[in-house]
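Values in this document were obtained by computation on a predicted structure and should not be read as measured data.
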Amino acid sequence: MARARRTSGRALAGATALALALGGGTLALAPAAQAGPQAQAQSQPLTRAQADIQPLPPELERIRAAEAEKLYGDPALRPLDERSTSLVSLGDSEISGEGVGTYEPGTDGPDNWCHRSPDAAIHRTGIPVDRTYNVACSGASTENIRIGGTQQYADELVQSDNLAVKARNTRVKQIVLVAGANDDLQFGPVITDCVVRWFTFQGPCAPKYDPGWQDRVDRLVPKVVQTVRDLRTVMSEAGYARSDYQLVVMGYPGPIGPDIYDNPDYPGKIPGGCTGYDEDAAWGRNAAVPLFEQGLREAAAQTGATFLDASRLFHGHEVCMDDAWVRGLSIDLTNPFPPDSNSVRQSFHPNKRGHGAFAACFTAIWEARQDGVREASCADPASTGQPRLYELAWDDVFAPLRNAATGTCVDVDGASSRNGTAVRGWACHGERNQGWWLDPESGLLHTELTHDRCVDVPGGAYEPGTALMLWNCHGGGNQQFVRGSGGTLSPADAPQLCLTLAGAEEPVRLQPCDGSAHQRFA
């Protein structure tokens with residue numbers, strides 16, 4: 001069911017990661033002769049790995065030596081196989097822990113708002129290592145990460161410099177980079193504007209920002225590419241071969257969606273913090289996030305990094321849903337006071353459960369490296385709260401189902417993904433409400449609109465004439481389908497019945513399989 005993407009292979013735009021800051025110093029090459037512990041260590045015969053390590057500038061070398069002293073009791077530079085193993089996360093608020101609510105000392109203001117959380121994903125994986133380092137910072141752009149970049153706060157290193165230190169003192173196994181939302185996308189100001197427009201009755205923000213999203217991402221992609229290349233350079237200068245570590249570029253999941261009213265305990269927009277127009281929530285999920293994801297996928301492809309598509313990871317877990325993995329609009333009235341922009345910076349960021357989902361995905365993609373997986377996607381396919389890794393890219397699997405008799409396509413009525421929405425025929429147009437993926441493992445037939453909605457036989461009524469609909473994915477028998485010969489689709493529990501489109505715009509119904517063109521979809 002693969003199809004060519006409507007959006008072309010160009011970098012595209014979109015946003016849903018919520019942004020905010022990071023900071024650092026710069027990694028520059030230093031003269032070979034320098035004083036200090038590293039120079040003293042290198043005055044002795046070098047192992048091959050040590051000989052490949054380029055010396056750090058004096059200031060960074062002092063930091064490295066001090067960290068080595070804490071780790072090992074002395075400042076010596078050790079061969080890779082004698083070091084503690086580690087994981088490192090770099091980037092912005094999406095991965096720093098912004099939104100979790102508990103933060104490391106010195107990162108919760110007033111002079112440093114990195115908001116690094118002890119519950120951030122990098123600290124919670126199942127990857128067997130000795131140390132985990134979160135050097136990401138809320139608000140970071142690629143300028144705060146790249147070699148020669150700028151410090152965001154006076155007590156922060158440029159993130160590439162921080163990686164350079166960690167890479168010399170420990171044996172880094174996995175690096176995760178989540179960055180881009182604070183560059184040309186300027187997601188923070190955009191989402192702020194969208195929320196303000198809702199509170200002030202100005203109308204949806206999507207018409208204002210949608211026309212320029214692709215241009216924004218097109219400008220962003222080269223910056224992400226250069227950032228990844230800089231991280232590769234950092235690791236090479238620290239004596240690593242590419243095969244020594246895994247470099248993962250992760251995309252951003254969407255924090256909001258339009259299906260909030262299906263939550264039986266829906267609290268309301270203001271109490272629940274899902275403030276904003278429904279049209280904007282749909283635009284973010286259906287256009288902004290997927291386009292941004294495609295841009296990051298292109299950046300990973302250009303640099304040979306492993307790409308982790310998280311664009312569908314929070315589907316069904318958005319703000320105001322029944323198992324939210326995201327913090328909604330949140331105003332901190334205590335730090336600082338009176339309130340300012342820092343008082344709302346935690347809003348629309350992954351909460352502790354969201355970081356747990358990230359951690360599960362990091363673990364899975366680490367384990368998949370042994371199979372040569374360089375691109376994968378993570379999602380919760382049946383609302384179990386347990387993410388799983390798919391060794392595929394979402395861009396490549398969703399495709400239309402065109403009926404052989406009518407020439408029209410299976411369509412989600414009105415592009416709505418609410419529970420009970422009709423599944424019907426409609427003129428083919430290639431939008432996401434006509435994209436479908438039959439998971440060969442689970443048998444679930446997912447709509448491209450959201451991974452949280454599947455084609456459903458209402459009440460398990462396997463009877464001729466039953467009209468199909470969308471419903472919250474739960475993996476039950478009445479949501480499991482199988483492909484037959486000639487392009488037919490049947491319920492797994494009722495293979496004698498086939499999905500049938502009797503007319504161009506008729507509902508899709510179950511009918512006895514008869515081999516007719518009305519039951520063939522390609």
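Under the 3.5 Å distance criterion, with hydrogens and angles disregarded, no donor-acceptor pair is assigned to the side chains of Asp259 and Thr450. Side chain to side chain, Thr408 and Asn403 fail the donor-acceptor criterion of an N or O pair below 3.5 Å. Using a 3.5 Å distance cut-off with no hydrogens or angles, the side chains of Thr132 and His123 do pair a donor with an acceptor. Gln346 and His115 are not linked by any side-chain donor-acceptor pair at a separation below 3.5 angstrom, with hydrogens and angles left out of the test.
Nearest heavy-atom pair, Cys361 versus Pro387, reported as atom, atom and distance to 0.1 Å: SG-CB, 4.1 Å. Nearest heavy atom pair, residue Ile260 against residue Met321, reads CA-SD, 3.7 Å. Residue Asp380 comes nearest to His317 through the heavy atom pair OD2-NE2, 2.7 Å, listed as atom of the first residue, atom of the second, then distance. Closest approach of Ile270 to Phe199, counting heavy atoms only: CD1-CE2, 4.2 Å. Between Pro491 and Leu497, the shortest heavy-atom distance links the atoms CD-O, 3.4 Å. Residues Gln202 and Tyr277 approach most closely at N-OH, 3.5 Å, considering heavy atoms.
Judged by distance alone, the side chain of Arg424 and the main-chain N or O of Glu505 form a donor-acceptor pair under 3.5 Å. With Gln186 contributing its side chain and Asp183 its backbone, the two residues share a donor-acceptor pair below 3.5 Å. In this structure, Thr142 contributes its side chain and Val224 its backbone to no donor-acceptor pair below 3.5 Å. A distance-only check finds a donor-acceptor pair linking the side chain of Asn286 to the backbone of Ala282 [under 3.5 Å]. Between the side chain of Asp371 and the backbone N or O of Val373 there is no donor-acceptor pair closer than 3.5 Å. The closest donor-acceptor contact from the side chain of Arg402 to the backbone of Cys428 lies at 3.5 Å or more, if one exists at all. Formation of a donor-acceptor pair under 3.5 Å by the Asn263 side chain with backbone atoms of Cys320 is found in this model.
Taking the six-membered ring where tryptophan is involved, the planes of Phe398 and His451 are perpendicular, since the angle between them exceeds 60° and thus also 30°. The aromatic rings of Trp394 and Trp437 stand perpendicular to each other, their planes meeting at an angle above 60°, with 30° marking the opposite boundary.
You'll find the side chain of Leu87 stays beyond 4.5 Å of the side chain of Val176, heavy atoms only. Residues Asn419 and Leu470 fail the side-chain proximity criterion, which asks for heavy atoms closer than 4.5 Å. Using a 4.5 Å cut-off on side-chain heavy atoms (C-beta onward), Leu185 and Tyr209 make no contact. A 4.5 Å side-chain heavy-atom check between Pro381 and Tyr390 finds at least one atom pair inside the cut-off. Using a 4.5 Å heavy-atom cutoff, the side chains of Arg432 and Pro290 are in contact. Residues Thr306 and Arg369 form no side-chain contact, since every pair of their non-hydrogen atoms from C-beta on lies 4.5 Å or further apart. Counting heavy atoms from C-beta on, the side chains of His429 and Asp411 come closer than 4.5 Å. No side-chain heavy atom of Val178 sits under 4.5 Å from any side-chain heavy atom of Phe358.
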Go through it in stages, so that I can follow the logic: the residues are Asp92 and Ser96, the test is side-chain hydrogen bond (donor to acceptor under 3.5 Å, both in side chains), and I'd like the CA-CA distance, side-chain angles, deciding distance and then a yes or no. CA-CA 6 Å; Asp92 57 28; Ser96 73; over 6 Å; no

Check the pair Phe307, Ile365 against side-chain contact (heavy atoms from CB on, under 4.5 Å), reporting the backbone distance first and the verdict last. CA-CA 9 Å; Phe307 180 59; Ile365 204 162; over 6 Å; no

For Trp366 and Val129, what are the C-alpha separation, side-chain angles and deciding distance, and is it a side-chain contact (heavy atoms from CB on, under 4.5 Å)? CA-CA 12 Å; Trp366 166 258; Val129 292; over 6 Å; no

Under the side-chain contact (heavy atoms from CB on, under 4.5 Å) criterion, do Cys114 and Glu156 qualify, and how do the steps go? CA-CA 9 Å; Cys114 282; Glu156 289 286 324; 3.5 Å; yes

Run Lys352 and Thr102 through side-chain contact (heavy atoms from CB on, under 4.5 Å) and show every step you take. CA-CA 9 Å; Lys352 185 175 180 178; Thr102 55; over 6 Å; no

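Around the CZ atom of Arg418, the shell of radius 6.0 Å holds more than 12 heavy atoms that belong to other residues, nucleotides or ligands.
No salt bridge links Arg285 with Asp452; every basic N to acidic carboxylate O contact stays at or beyond 4.0 Å. For the pair Asp278 and Lys269, the salt-bridge criterion is met [side-chain N within less than 4.0 Å of a carboxylate O]. With respect to Asp262 and Arg453, a salt bridge is recorded, a charged nitrogen being found less than 4.0 Å from a carboxylate O. Between Lys208 and Asp193 there is a salt bridge, with a side-chain nitrogen of the basic residue lying less than 4.0 Å from a carboxylate oxygen of the acidic one.
Going from atom CH2 of Trp436 over to atom CD of Glu448 covers 10.5 Å, rounded to the nearest 0.5 Å. In this structure, Phe481 CZ and Asn478 CG are separated by 8.0 Å, a value rounded to the nearest 0.5 Å. Interatomic distance, Ser490 OG to Arg483 CZ, rounded to the nearest 0.5 Å: 10.5 Å. With rounding to the nearest 0.5 Å, the separation of SG in Cys498 from CG in Leu489 is 8.5 Å. Atom CG of Leu90 is separated from atom OG1 of Thr227 by 10.0 Å, given to the nearest 0.5 angstrom.
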